[in-house]
Protein chains: 2
Amino acid sequence: MLELIQDDGGVTVSSEQLARRGHTTAAQVRKDLSHFGSFGKRGLGYSVDELRDRLRIILGLDRVWRVILVGAGRIGSALFEYPDFKKRGYDCVAVVDSDPAKIGEKWGERVIRPAEELESLIKELHAALVILAVPASAAQLVAERSVNAGVRGILNFAPVQIQVPEDIPVENVNLVMELEALSFQITRALTP
Amino acid sequence: MLELIQDDGGVTVSSEQLARRGHTTAAQVRKDLSHFGSFGKRGLGYSVDELRDRLRIILGLDRVWRVILVGAGRIGSALFEYPDFKKRGYDCVAVVDSDPAKIGEKWGERVIRPAEELESLIKELHAALVILAVPASAAQLVAERSVNAGVRGILNFAPVQIQVPEDIPVENVNLVMELEALSFQITRALTP
DNA sequence: ACTTTCTTGTGAATCTTTTCACAAGCGGCT
DNA sequence: AGCCGCTTGTGAAAAGATTCACAAGAAAGT
Ligand SMILES: NC(=O)c1ccc[n+]([C@@H]2O[C@H](COP(=O)([O-])OP(=O)(O)OC[C@H]3O[C@@H](n4cnc5c(N)ncnc54)[C@H](O)[C@@H]3O)[C@@H](O)[C@H]2O)c1
Ligand SMILES: NC(=O)c1ccc[n+]([C@@H]2O[C@H](COP(=O)([O-])OP(=O)(O)OC[C@H]3O[C@@H](n4cnc5c(N)ncnc54)[C@H](O)[C@@H]3O)[C@@H](O)[C@H]2O)c1
């Protein structure tokens, strides 16, 4: 949001303006920011540039994160070609698949590597994150292998709840469940 | 989860078992369910079949939801080919794109329709949901047009917060932000 | 019929998040 | 310099979510 405001030439922004854009309240914006420090100027609001930079540091975005993509299927290829990842500091350093027909295929600058190399690739390329784009049946095993090889976080597209040590953060993307959330809200509005 | 338990031949399940699988607590499971009624048997747990059916009704999954996909790009095509949507009751009744090179292309049984037909397709096919898989710059306009044509909910993949009437639920999928959530948690663990 | 073993459903207690509301501070204007 | 119009940062209050803890009910064994 702050980058969009920068593009529009905004120099300062108030908690009220951020709240309107972000679908929340001004008090919430201020309270949230106050957990990390004090970034604004009374009477003026926040400097867009400064707040952006501070948040980037807080979020850990002031470095490049090396990512390995596991599963070169439909969703994997869409993700691989998505330019925003690179632009936002996420560098896909390897793509791995278990299908012999896919191994060796060239994707841009990368060649699809066999699944057995997962551990060695994580170690050699110092990948901190993996994206799991494999069938649900393979997800738990791939997650365990990744964690054992030293990965620090997992973005999981498979519709299963994977079990990993609790110091390894996992973010789940479950698109069916997103649609179900819409169905629920629509249904509930009809039968209150 | 209940369907996985069914497949494994489970007949009853306790709140404790559900909690372990779902990464939560037994009290939470029971309290959440209690908001919708009383589905279990003391000493036994929940009937897997019955709880599944009751939840399907609560979530509004006891019908087919007609969905229109807007944007036949990388993520759009991955979604279109994802078999779980159909399997879970979400029927993609039309695909729409603004690119003349894509209009008319055949995707399985569907033909990509021009973006101008969005409103008429929503009305004629009685689509309740749209999936926005268009560039961020187009998302707000497509959302407004969809709502005006009678859509009831929106699944938005564009990395912008769209503004629609508050009785229209919107679910956002922002993959960069998911990675950023991982970066934040990893970074925070390093500097407590 | 009675005891034992489980597990639910739910008030009450606790913990967390959000909202309120206002003193304090900044910049511009006279 | 002094006043005015804004906006932050933050304690205190209110609202909301989670956890505790236990009476009550169900099955199974004796
Ligand atoms: N396609 C979508 O839009 C979509 C949406 C949401 C979630 N998902 C989920 O994402 C996952 C992948 O979906 P998809 O549609 O891309 O499926 P896909 O079948 O097109 O791709 C999966 C790929 O993973 C590879 N693979 C299988 N086991 C592997 C292993 N052990 N190691 C490495 N690679 C392995 C397969 O060879 C295949 O190339 C699934 O869990 C699916 O439920 C897909
Ligand atoms: N590719 C990914 O993995 C990915 C991941 C997350 C989010 N996204 C987001 O999803 C959206 C689509 O991404 P993509 O990678 O598929 O892009 P893309 O460019 O491959 O596809 C976008 C499609 O939308 C069409 N389009 C543009 N304006 C339109 C309009 N007004 N009406 C109908 N169709 C229109 C284009 O012709 C194109 O076919 C973007 O907002 C992107 O940020 C993509």
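Every value quoted in this text rests on a predicted model; they were computed, and no experiment measured them.
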Examine the side chains of A:Gln28 and A:Asp32 and answer whether a donor and an acceptor come within less than 3.5 Å of each other. yes

Considering just the side-chain nitrogens and oxygens of B:Ser34, establish if one lies under 4.0 Å of OP1 or OP2 belonging to C:dG9. no

Residues touching DNA chain C, which here means a heavy atom under 4.0 Å, drawn from residues 45-53 of chain B: B:Gly45, B:Tyr46

Could you tell me whether the side chains of A:Glu171 and B:Gln185 share a donor-acceptor contact shorter than 3.5 Å? yes

Do A:Glu3 and A:Arg88 pass the salt bridge (Lys or Arg N to Asp or Glu O under 4.0 Å) test, and can you show the C-alpha distance, the side-chain angles, and the key distance before you say yes or no? CA-CA 12 Å; A:Glu3 285 171 5; A:Arg88 288 333 206 82; 3.0 Å; yes

Please state how far atom CG in A:Asp32 lies from atom P in C:dT17, giving the value in whole angstrom units. 10 Å

For B:Phe39 and D:dA26, what is the distance between atoms CZ and C1' respectively, to the nearest whole Å? 19 Å

Within residues 1-10 of chain A: residues closer than 4.0 Å to DNA chain C (heavy atoms): none

Would you say the side-chain atoms of A:Asn156 pair up with the backbone N or O of A:Val160, donor to acceptor, closer than 3.5 Å? yes

Let me spell it out: for each of A:His35 and A:Lys41, pick the nucleotide of DNA chain C with the closest heavy atom. Which residue's pick is nearer the 5' end? A:His35

For atom CG of B:Leu33 and atom P of C:dT8, their distance in whole Å: 10 Å

Between B:Arg30 and C:dG9, is there a side-chain N or O to OP1/OP2 distance below 4.0 Å? no

Minimum heavy-atom distance between A:Lys102 and A:Ala72, given as atom pair plus value: NZ-O, 3.3 Å

State, without any angle test, whether B:Asp49 and B:Gln6 hold a side-chain donor-acceptor pair at a distance under 3.5 Å. yes

Does B:Asn174 offer a backbone N or O that forms a donor-acceptor pair with the side chain of B:Asn172 under 3.5 Å? no

Can you tell me if A:Arg188 uses its side chain to pair, donor with acceptor, with the backbone of B:Leu59 under 3.5 Å? no

Under 4.0 Å: is that the gap between some side-chain N or O of A:Ser15 and OP1 or OP2 of D:dT8? yes

Is the phosphate of D:dA17, meaning OP1 or OP2, less than 4.0 Å from a side-chain N or O of B:Gln28? no

From NZ of B:Lys31 over to P of C:dT8, roughly how many Å is that when rounded to an integer? 14 Å

Separation of C:dT8 P from B:Phe36 CZ (nearest whole Å): 18 Å

With distance as the sole criterion, is a donor-acceptor pair present between the side chains of A:Tyr46 and A:Ser15 under 3.5 Å? no

Are B:Glu50 and B:Arg54 close enough for a salt bridge, meaning some N to O gap below 4.0 Å? yes

Please state whether the rings of B:Phe184 and A:Phe36 are parallel, tilted or perpendicular, taking 30° and 60° as the class boundaries. perpendicular

Between C1' on D:dT18 and NE2 on B:His23, what's the gap in Å once rounded to a whole number? 17 Å

Upstream residue (5' side of DNA chain C) when B:Ser14 and A:Thr24 are each assigned their closest nucleotide: B:Ser14

Should A:Leu121 and A:Ile68 count as side-chain neighbours, where that means a heavy-atom distance under 4.5 Å? yes

Every protein N/O lying under 3.5 Å from an N/O of nucleotides 23-25 of chain C:
{"residue": "C:dA24", "atom": "N3", "partner": "A:Arg42", "partner atom": "NH1", "Å": "2.9"}
{"residue": "C:dG25", "atom": "N2", "partner": "A:Gly43", "partner atom": "N", "Å": "3.1"}

